[in-house]
Structure formats: structure tokens, C-alpha cells
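Read through the structure below, which is laid out as C-alpha cells, and then see the notes.
Computed from heavy atoms alone, side chains included, the values below leave out hydrogens, waters and symmetry copies. Each ligand, and each atom within it, is numbered from 1 in the order the structure gives.
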Amino acid sequence: MFTEKDFIRNKYKKTEKTFDLTAQAPSNIALVKYWGKYPKQIPMNPSVSFTLNKSKTTTKAIISPNHSNKDINFKFYFKGKHKPDFEPKIKQFFQNILKYAPFLKDYFFEIDSKNSFPHSSGIASSASAFAALTKILILLEKQITIENKNEDFWTKKTSFLARIGSGSASRSIEYPVSIWGKHPNLKYTSDLYAVKPDFEIHPIFNNYNDSIILVEEGQKQVSSTAGHKLMENHPYKNIRKQQAFDNTIKILEILKNGNVVDFIDIVEQEALTLHALMMTSTPNYILMQAETLQIIHSIRKYREQTGVNLCFTLDAGANVHVLYPEINKIEVLKFLETLTTKKIIHDNIS
Ligand code: DP6
């Protein structure tokens with residue numbers, strides 16, 4: 001276990017070198033949802049996610065000595081195009097992690113990012129984006145540090161810093177399953193960074209599929225950050241916390257024993273709870289669309305009629321993630337074709 005202090009390090013080589021670095025990080029889909037947080041990105045409850053295989057952010061950075069001034073100095077590009085709109089969020093991130101990465105001021109960063117999935121498709125791009133950017137910073141830190149640390153330290157520090165950018169980004173470092181948030185019964189878990197389960201995942205979950213139905217493309221109506229804030233005074237806050245702590249233990253047990261029927265129960269309960277919390281906050285809001293509900297009903301009907309173990313989960317949006325075992329892929333893909341005319345991104349966990 002690492003503490004916050006372990007990630008504060010100030011001993012670096014002085015160098016006039018220019019670094020050309022590339023890193024890639026996946027998106028992830030939460031099975032047990034992170035919803036609600038305390039100051040400094042401490043989650044209200046533990047969360048568990050699958051890491052996706054194809055939905056990724058690739059980030060390149062040219063990092064040269066910062067001669068112009070000794071403040072944070074960078075430029076952000078998306079697919080080669082300068083994006084000043086994105087820069088305040090990244091600047092805030094750099095400022096928030098300066099304590100753990102003081103070398104940020106010594107360099108000028110030209111950052112260029114791209115996603116393997118369509119922009120504004122509703123796939124959580126902040127998770128993969130902050131994870132990829134943080135990987136770049138850690139690649140740099142590894143080259144300029146004068147201390148000797150092992151890979152476990154670097155992985156945890158990557159997750160630790162990515163978490164400060166976006167909570168769910170902490171879970172985009174380890175794969176195929178990631179747990180973020182301290183659970184008293186799981187000694188190896190932490191609020192500061194995500195970890196892998198300390199057991200082998202059951203083979204039924206190998207290559208588990210996630211077909212993402214893009215019910216609604218474009219910017220979210222209410223940001224996750226605003227949604228987390230509404231949990232602070234939520235009437236169901238304590239009940240939700242208890243449920244998430246319990247579901248974390250249950251889902252990990254399921255990921256070990258491969259009980260797909262129980263998996264469906266927990267995953268769908270978590271998705272519906274997330275949206276129920278939004279619908280019962282002050283102010284309340286609804287992110288599901290009519291088609292989201294239609295798809296949910298059709299999935300349940302198809303499951304009842306065929307016995308195929310597919311289920312749905314939702315992010316903070318209208319899109320539906322359809323999760324199913326690799327052995328059912330052919331029939332589920334056929335079913336999905338009849339289900340909607342909306343765009344579907346076929347991913348799997350890895
Ligand atoms: C509904 O990680 O996007 O996807 O920490 O404010 O950046 P910030 O929030 P974010 O919240 C994700 C919420 C969620 C559930 C989850 O991924 O666990």
C-alpha cells in the first residue's frame with residue numbers, strides 16, 4: 001500500500017533534452033458505479049470496472065525544456081488541431097498534481113491526442129484521456145528521476161495522478177478489472193488509486209463483450225462532476241453508500257466464481273440505481289431517453305425468451321452498454337441488429 005507521501009518526489013536530473021513520447025489508455029465501463037465524492041477526488045464508495053479493448057485514447061507529446069518562464073506551459077491539440085477550449089481543464093489538472101510532479105514547470109508540453117471512438121459519442125473519453133496523458137507524465141518522470149522504483153510503484157502513481165484528473169480515469173490503468181476506492185474488507189484497495197483484484201477472473205469473463213448503443217451522441221446535458229456534487233446532500237446518500245460497498249464484494253465474488261446470472265442482477269441494479277439517484281437529487285434530472293428504456297425492456301424480454309445471459313449497464317448518459325459472454329456473440333449481434341437503427345460500437349473487455 002502506498003500513501004500520498006510516497007508520490008511526492010523532488011529529485012530529478014536536470015536535462016536539456018527533448019522527449020518525444022506516446023502513450024495509450026483504454027476507456028472503462030463501471031459495473032459498480034462511482035457516484036459521489038469528497039474533496040480531492042476521494043470517492044464516496046468503491047467502484048469496479050471492466051477495461052475496454054478498443055475504445056482508447058492515444059496521446060503523443062513533444063516535451064522540451066521550458067525556457068520562456070517557470071510556470072506551467074503547454075499546448076493541447078486534438079487530432080492535430082489546436083484546441084484552446086480544452087486547455088483550462090488540463091491546466092487545472094497540472095496545477096492539482098504539481099505537488100507530485102514538480103518537473104511539470106521545467107518543460108514545455110505539446111500534447112496531441114486522438115480517440116479510437118467517435119468524438120462526443122458519449123463514451124467516457126475523460127477516463128481514457130486523463131489516463132493517457134498521465135501515462136506520458138510518468139514516462140517522462142521515469143526518464144528524469146534519480147530514484148529507483150519498481151513497476152508496481154509506477155502503475156499506482158499513474159492511477160493516483162489520473163484520478164486527480166478524473167475519478168474514473170484511475171480505473172483505466174489496470175486491466176481487465178479495476179477496483180478504485182477503499183473497502184474495509186479488501187485490504188489491498190485504496191481511495192488514492194485503483195488496483196487489480198487479488199484473484200484470477202473466471203474465464204467466462206474473458207473477452208466479455210460490450211456493445212455500446214449510441215442512443216444519443218454529443219455533449220452530456222449534466223456533467224458527471226455536477227452529478228457527483230448532487231450526492232453531497234442526497235436523501236439516499238447513506239443507503240447508496242452501503243449498497244455500493246455491498247455490491248463491490250458481491251461483484252468481485254461473481255467475477256471469481258463466474259455466476260453470470262448473479263452478475264446480471266448486480267450490474268443492472270447498479271445502472272438503474274445510478275439513474276435513480278439522478279432522478280431523485282435536488283435539482284433532479286433525467287439522462288435516459290425513451291429509446292434507452294425501450295432497449296432495456298427489449299434486452300430483458302430477449303433474455304427471458306432465449307436464456308441468453310446478456311445485460312445492460314448505463315453511464316451518466318442515454319447510451320446503453322450491452323454486456324454478454326463471448327460464447328453468445330453470434331446470436332446477440334443478430335439480436336442487436338433488430339433492436340435499433342442507432343450506431344453501435346462493438347468492444348470487449350481486455
Ligand atoms: C457514472 O470519473 O467522469 O461514469 O471524477 O468528476 O471526472 P469526475 O467524474 P467521472 O465520473 C464517472 C461516473 C460514472 C460511473 C463510473 O464510471 O464509475
Heavy-atom proximity to atom 7 (O) of ligand 1, picking from P43, G317, S166, points to S166
Mutual orientation of the aromatic rings belonging to F7 and Y193 [parallel < 30°, tilted 30-60°, perpendicular > 60°] = perpendicular
Ligand-residue contact atoms, ligand 1 with S168, heavy atoms, under 4.0 Å = 2 (O), 3 (O), 10 (P), 17 (O)
Quick note on ligand 1: atoms under 4.0 Å from a heavy atom of A30 include exactly 16 (C), 17 (O), 18 (O)
Can you give each donor-acceptor pair under 3.5 Å made by side-chain atoms of residues 97-108, sequence neighbours left out, with the distance rounded to 0.1 Å?
from, atom 1, to, atom 2, distance (Å)
K99, NZ, E4, OE2, 3.0
Y100, OH, E4, OE2, 2.5

Give, for atom CD1 of I62 and atom CG of D20, the distance between the pair rounded to the nearest 0.5 Å.
-> 5.0 Å
With heavy atoms of D315 as the reference, note each atom of ligand 1 found under 4.0 Å away.
-> 4 (O)
Are T313 and K33 close enough, and set up right, to give a side-chain hydrogen bond (donor to acceptor under 3.5 Å, both in side chains), and what steps lead you there?
-> CA-CA 10 Å; T313 188; K33 309 290 182 184; 2.9 Å; yes
Step by step, would you call F263 with F205 a ring pair (Phe, Tyr, Trp, His ring centres under 6.0 Å)?
-> CA-CA 10 Å; F263 177 83; F205 296 110; 5.0 Å; yes
Does some non-hydrogen atom of R163 fall short of 4.0 Å from ligand 1?
-> no
For ligand 1, the portion of I29 having any non-hydrogen atom under 4.0 Å away | neither
Closest heavy-atom approach to atom 17 (O) of ligand 1 among Q41, K33, R171, K229 is made by R171
Atom indices of ligand 1 within 4.0 angstrom of K37 heavy atoms, with elements = 5 (O), 6 (O), 8 (P)
Taking N or O atoms only and a 3.5 Å limit, does N28 qualify as a polar contact for ligand 1?
-> no
Atoms of ligand 1 close to G167 [distance to a heavy atom under 4.0 angstrom, numbered from 1] | 2 (O), 5 (O), 7 (O), 8 (P)
Step through it carefully: locate the ring centre of F74, locate the ring centre of F93, and say whether they are under 6.0 Å apart.
-> no
Yes or no on side-chain hydrogen bond (donor to acceptor under 3.5 Å, both in side chains) for N96 and Q92, after CA distance, side-chain angles and deciding distance?
-> CA-CA 6 Å; N96 290 345; Q92 185 67 57; 3.1 Å; yes
Looking only at distance, does Y34 have an N or O less than 3.5 Å from an N or O of ligand 1?
-> yes
Given K89, H275, H228, which one has a non-hydrogen atom that is nearest to atom 9 (O) of ligand 1?
-> H228
Could you pull out all residues at least two apart from D71 that satisfy side chain to side chain donor-acceptor pair (under 3.5 Å)?
-> none
